[in-house]
Amino acid sequence: MELVKQSKLLKVIIMSKGYERIKSCIDCIRKKTDFKPEVALVLGSGLGEYGNNLEIEAEINYKDLPDFPVSTVSGHEGKFLFAYIEKVPVVIMKGRVHYYEGYSMEDVVLPIRIMGLLGAEILILTNAAGGVNLSFKPGDFCVITDHISLAIPNPLRGENLTELGPRFPDMSNLYDRKLREEISKVGKELGIPLKEGVYMQCMGPSYETPAEIRALRNLGVDAVGMSTVCEAIAAGHMGMRVSGISCITNMAAGILEQPLNHEEVQEVANRVKKSFEKLITEIIKKTTEAK
Ligand code: HPA
């Protein structure tokens, strides 16, 4: 009996390897800043310039953190920015890493876990996505109501990091309803129309085929991309309140005659970035006021 108690105690004292890895990044960040974020923000493809006009308290390059994955995609810089937005302390991921770059899911969600452990209770995920719903058009913003993750491995596969959350976390309100209501109010106040829909993360890096997009539409998918879902799952696991906004940069494969390309994605994201920035700023203000 005593032995069982001792081994349980030992398990609590000895950190799991995955948790140790997160902690060593946190320790490294804490040597440079004691900034405590309330909100974490992930900037997607072509949306990275949001960070350029902020007053930055501190910034940390991903490459300066131990064993940290660094993005290889153009349009994705790699650093954490620590800044006050409307007086709210926010940690921003300027550039994310993607599963298609060859990293493990554990790598891809590491930054999310770090931002959660730094203190962020709310996570705002943004991305560029293809419109699957035929009523969407390039330049639209879509608030993610739910997701389908059938095409990618679950980031929680493997040993559960009990320090972060339970083995079998509930996902029924992953994209926090209250946050979505706030976002919808903000959209109305700013006169920025917002669509809502189900997002699916496909593996990439090739875009989907027209047959896949027809199948996804039948499954109930409204927008498709190559990120976000795994990050949302990891954040939900550790109890963060999650919201996601897609910038619809193109109609998904097969809907229009033209082929898809990354330049178009960046060009459309660039075209709408001013309203996107306004939207994000106001969302940060309103969702933290409402707390
Ligand atoms: N498919 C997948 N990812 C994307 C797309 C798309 O059509 N557009 C932007 N990211």
Side-chain angles (χ1 to χ4, degrees), residues 41-50 71-78 93-103 105 108-109 124-153 155 175 194-233 243-273 275-277 279-280:
L41 170 64
V42 180
L43 299 172
S45 279
L47 306 170
E49 284 183 24
Y50 182 66
S71 175
T72 58
V73 189
S74 84
H76 283 266
E77 264 186 87
M93 270 184 83
K94 194 164 185 217
R96 53 150 65 93
V97 286
H98 301 83
Y99 188 62
Y100 64 73
E101 292 176 75
Y103 296 107
M105 270 299 173
V108 175
V109 302
I124 303 172
L125 294 162
T126 69
N127 61 45
V132 177
N133 184 320
L134 298 173
S135 75
F136 288 6
K137 53 183 191 321
D140 279 349
F141 296 119
C142 172
V143 178
I144 301 174
T145 54
D146 205 343
H147 75 223
I148 293 180
S149 78
L150 302 173
I152 52 156
Y175 300 89
L194 298 176
K195 308 273 188 196
E196 287 197 333
V198 173
Y199 175 92
M200 179 154 177
Q201 177 174 355
C202 286
M203 190 154 0
S206 55
Y207 288 110
E208 304 70 35
T209 64
E212 284 166 344
I213 293 302
R214 285 195 299 277
L216 298 193
R217 192 175 305 114
N218 286 333
L219 281 180
V221 173
D222 297 292
V224 65
M226 302 176 196
S227 66
T228 301
V229 167
C230 53
E231 295 158 324
I233 293 173
S243 62
I245 304 173
S246 294
C247 172
I248 305 298
T249 49
N250 57 282
M251 292 314 289
I255 297 176
L256 304 175
E257 286 297 311
Q258 77 231 35
L260 309 186
N261 67 72
H262 187 58
E263 287 67 38
E264 178 194 7
V265 167
Q266 287 182 306
E267 189 269 309
V268 174
N270 206 28
R271 178 156 60 76
V272 296
K273 72 171 185 238
S275 18
F276 170 76
E277 290 177 5
L279 186 66
I280 295 295

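First listed ligand is number 1; within each ligand, the first listed atom is number 1.
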Task: Enumerated ligand 1 atoms positioned under 4.0 Å from heavy atoms of V224 - done: 1 (N), 2 (C), 3 (N), 4 (C), 5 (C), 6 (C)
Open item on the list: Nearest 0.5 Å, please: how far is CD1 in I245 from CD in E196?
Closed with: 11.0 Å
Open item on the list: Heavy-atom pairs closer than 4.0 Å: do any link ligand 1 to the side chain of A253, the backbone, both, or neither?
Closed with: neither
- [ ] Working to the nearest 0.5 Å, report the span between NE2 of H147 and CD1 of I233.
- [x] 4.0 Å
- [ ] Check ligand 1 against N250 and write out every atom of the ligand that is under 4.0 Å from a heavy-atom position of the residue.
- [x] 5 (C), 6 (C), 7 (O), 8 (N), 9 (C)
- [ ] Look at the aromatic rings of F276 and F141 and report parallel, tilted or perpendicular, splitting at 30° and 60°.
- [x] tilted
- [ ] Starting from atom 10 (N) of ligand 1, locate the nearest protein heavy atom and write down its residue, its atom name and how far away it is, to 0.1 Å.
- [x] A128 O, 3.3 Å
- [ ] Working to the nearest 0.5 Å, report the span between CG of N270 and SG of C247.
- [x] 10.0 Å
Task: Residue T249 vicinity, atoms of ligand 1 by number, heavy atom under 4.0 Å - done: 8 (N), 9 (C)
Open item on the list: Return the closest protein heavy atom for atom 3 (N) of ligand 1 as residue, atom name and distance.
Closed with: G225 CA, 3.3 Å
Open item on the list: With rounding to the nearest 0.5 angstrom, report the CD1 to CE distance, I152 to M226.
Closed with: 12.5 Å
Open item on the list: Checking a contact table here: which protein heavy atom is nearest atom 5 (C) of ligand 1, and how many Å away?
Closed with: G130 N, 3.4 Å
Task: Protein heavy-atom partner closest to atom 2 (C) of ligand 1 - residue, atom, separation in Å - done: E208 OE2, 3.2 Å
Task: N/O donor-acceptor pair under 3.5 Å between D146 side chain and V198 backbone - done: no
